[in-house]
K.L.:
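Got a structure for you, written out below as structure tokens; questions coming shortly.
What you are looking at is a predicted structure, and each value in this text was computed from that prediction instead of being measured.
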Amino acid sequence: QVQLVESGGGLVQPGGSLRLSCVASGSIMRMYGMGWYRQAPGQQRELVGNIGSGDNTNYADSVKGRFTISRDNAKNTVYLQMNNLKPEDTAVYHCNAVALTPRDNLSSYWGQGTQVTVSS
């Protein structure tokens with residue numbers, strides 16, 4: 001089993017920045033892709049961006065040029081640097097990771113989420 005714990009959310013003014021972190025722990029044999037999704041009230045969960053084990057990244061068009069994903073493989077941690085935040089970025093941000101474990105083989109895991117609110 002893998003546990004994902006996000007941190008770094010909060011209230012920020014438009015144009016501000018936040019950095020989210022997600023730490024994965026458990027019986028991880030190998031970590032594959034990691035990423036961030038978000039869900040605003042009344043909307044479906046959507047991909048923000050992800051990063052592969054080879055550090056290749058993919059972003060939603062709405063965040064390109066403003067958000068940056070990075071990872072620290074030694075710490076099983078993924079980060080999301082969010083700059084120039086807009087009110088429409090307000091959502092609960094969830095971490096996702098695909099990992100190989102002895103019990104569950106290759107599976108996808110989710111964190112509980114961290115709230116990001118962009119408001120003046």
K.L.:
Is any side-chain heavy atom of Tyr93 less than 4.5 Å from a side-chain heavy atom of Gln39?
P.N.:
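No, side chains not in contact.
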
K.L.:
Considering only heavy atoms from C-beta outward, does the side chain of Val48 approach that of Tyr59 to under 4.5 Å?
P.N.:
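Side-chain contact under 4.5 Å: no.
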
K.L.:
For Phe67, check ring pair (Phe, Tyr, Trp, His ring centres under 6.0 Å) against everything at least two apart and list the hits.
P.N.:
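Checked Phe67 against ring pair (Phe, Tyr, Trp, His ring centres under 6.0 Å); zero matches.
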
K.L.:
If you define the side chain from C-beta out and look only at heavy atoms, does anything of Val98 sit under 4.5 Å from Leu106?
P.N.:
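Side-chain contact under 4.5 Å: yes.
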
K.L.:
Which residues pass the salt bridge (Lys or Arg N to Asp or Glu O under 4.0 Å) test with Asp55, not counting sequence neighbours?
P.N.:
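Partners of Asp55 under the salt bridge (Lys or Arg N to Asp or Glu O under 4.0 Å) test: none.
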
K.L.:
With sequence neighbours left out, what residues match Arg66 under salt bridge (Lys or Arg N to Asp or Glu O under 4.0 Å)?
P.N.:
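Counting only residues at least two positions away or on another chain, Arg66 forms a salt bridge (Lys or Arg N to Asp or Glu O under 4.0 Å) with Asp89.
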
K.L.:
Apply the test side chain to side chain contact (heavy atoms under 4.5 Å, CB included) to residues Asn56 and Ile51: give CA-CA distance (whole Å), side-chain angles for both, the deciding distance (0.1 Å), then the verdict.
P.N.:
CA-CA 5 Å; Asn56 49 305; Ile51 182 167; 5.8 Å; no

K.L.:
Hey, does the side chain of Arg45 reach the backbone of His94 with a donor-acceptor pair shorter than 3.5 angstrom?
P.N.:
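No.
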
K.L.:
With rounding to the nearest 0.5 Å, note down the distance linking CG in Asn96 to CH2 in Trp36.
P.N.:
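These two atoms lie 10.5 Å from each other.
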
K.L.:
With a 4.5 Å cut-off on side-chain heavy atoms, are Gln115 and Thr90 touching?
P.N.:
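Yes, at least one pair of side-chain atoms sits under 4.5 Å.
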
K.L.:
Would you call Cys95 and Val78 a side-chain contact if the rule is heavy atoms closer than 4.5 Å?
P.N.:
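Of all side-chain heavy-atom pairs linking Val78 with Cys95, at least one is under 4.5 Å.
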
K.L.:
Could you tell me whether the side chain of Tyr79 reaches within less than 4.5 Å of the side chain of Gln81, counting heavy atoms only?
P.N.:
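Heavy-atom side-chain distance check fails, nothing below 4.5 Å.
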
K.L.:
Can you give the donor-acceptor pairs under 3.5 Å from side chains of residues 10-25 to other protein atoms, not counting sequence neighbours?
P.N.:
{"residue": "Ser17", "atom": "OG", "partner": "Asn83", "partner atom": "OD1", "Å": "2.9"}

K.L.:
Run the side chain to side chain contact (heavy atoms under 4.5 Å, CB included) test on Arg71 and Thr77 for me, step by step, so that the C-alpha distance in whole Å, both residues' side-chain angles and the decisive distance to 0.1 Å come before the verdict.
P.N.:
CA-CA 6 Å; Arg71 62 190 288 172; Thr77 300; over 6 Å; no

K.L.:
Any ring-ring contact (aromatic ring centres under 6.0 Å, His included) involving residues 97-120? Give me the pairs, sequence neighbours left out, ordered by first then second residue.
P.N.:
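Counting only pairs at least two positions apart or across chains, the ring-ring contact (aromatic ring centres under 6.0 Å, His included) contacts touching residues 97-120 are Tyr37-Trp110.
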
K.L.:
Tell me whether Gln44 at atom CD has more than 12 heavy atoms from other residues, nucleotides or ligands lying less than 6.0 Å away.
P.N.:
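No, not enclosed.
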
K.L.:
Any idea which heavy atoms bring Ala40 and Ala91 closest together, and the distance?
P.N.:
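Closest pair (atom of Ala40, atom of Ala91, distance): N-CB, 3.8 Å.
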
K.L.:
Have Thr57 and Asn50 got a donor and an acceptor in their side chains that come within less than 3.5 Å?
P.N.:
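No, Asn50 and Thr57 have no side-chain donor paired with an acceptor closer than 3.5 Å.
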
K.L.:
Does any part of the side chain of Val63, heavy atoms only, come nearer than 4.5 Å to the side chain of Arg38, both counted from C-beta?
P.N.:
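The answer is yes; the side chains approach within 4.5 Å.
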
K.L.:
Pair Leu100, Ile28 - check side chain to side chain contact (heavy atoms under 4.5 Å, CB included), show working.
P.N.:
CA-CA 6 Å; Leu100 180 67; Ile28 300 170; over 6 Å; no

K.L.:
Should Arg103 and Gln1 count as side-chain neighbours, where that means a heavy-atom distance under 4.5 Å?
P.N.:
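Yes; the side chains approach each other to less than 4.5 Å.
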
K.L.:
Can any side-chain N or O of Ser62 pair as donor or acceptor with the backbone N or O of Ala60 at less than 3.5 Å?
P.N.:
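Not at all, since once roles are kept as given, no pair shorter than 3.5 Å links the two residues.
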
K.L.:
For Ala97, check side chain to side chain contact (heavy atoms under 4.5 Å, CB included) against everything at least two apart and list the hits.
P.N.:
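Only Leu4, Met31, Met34 meet the side chain to side chain contact (heavy atoms under 4.5 Å, CB included) criterion with Ala97.
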
K.L.:
When you measure from the side chain of Thr114 to the backbone N and O of Ser7, does any donor-acceptor pair fall under 3.5 Å?
P.N.:
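Absent.
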
K.L.:
Evaluate whether atom CD of Gln112 has more than 12 neighbouring non-hydrogen atoms of other residues, nucleotides or ligands under 6.0 angstrom away.
P.N.:
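Atom CD in Gln112 is not crowded, with 12 or fewer foreign heavy atoms closer than 6.0 Å.
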
K.L.:
Mind checking the OG-CG spacing from Ser53 to Asn73? Nearest 0.5 Å is all I need.
P.N.:
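If I round to the nearest 0.5 Å, the distance is 8.0 Å.
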
K.L.:
Could you go step by step and tell me if Thr68 and Leu80 meet the side chain to side chain contact (heavy atoms under 4.5 Å, CB included) rule?
P.N.:
CA-CA 6 Å; Thr68 303; Leu80 180 66; over 6 Å; no

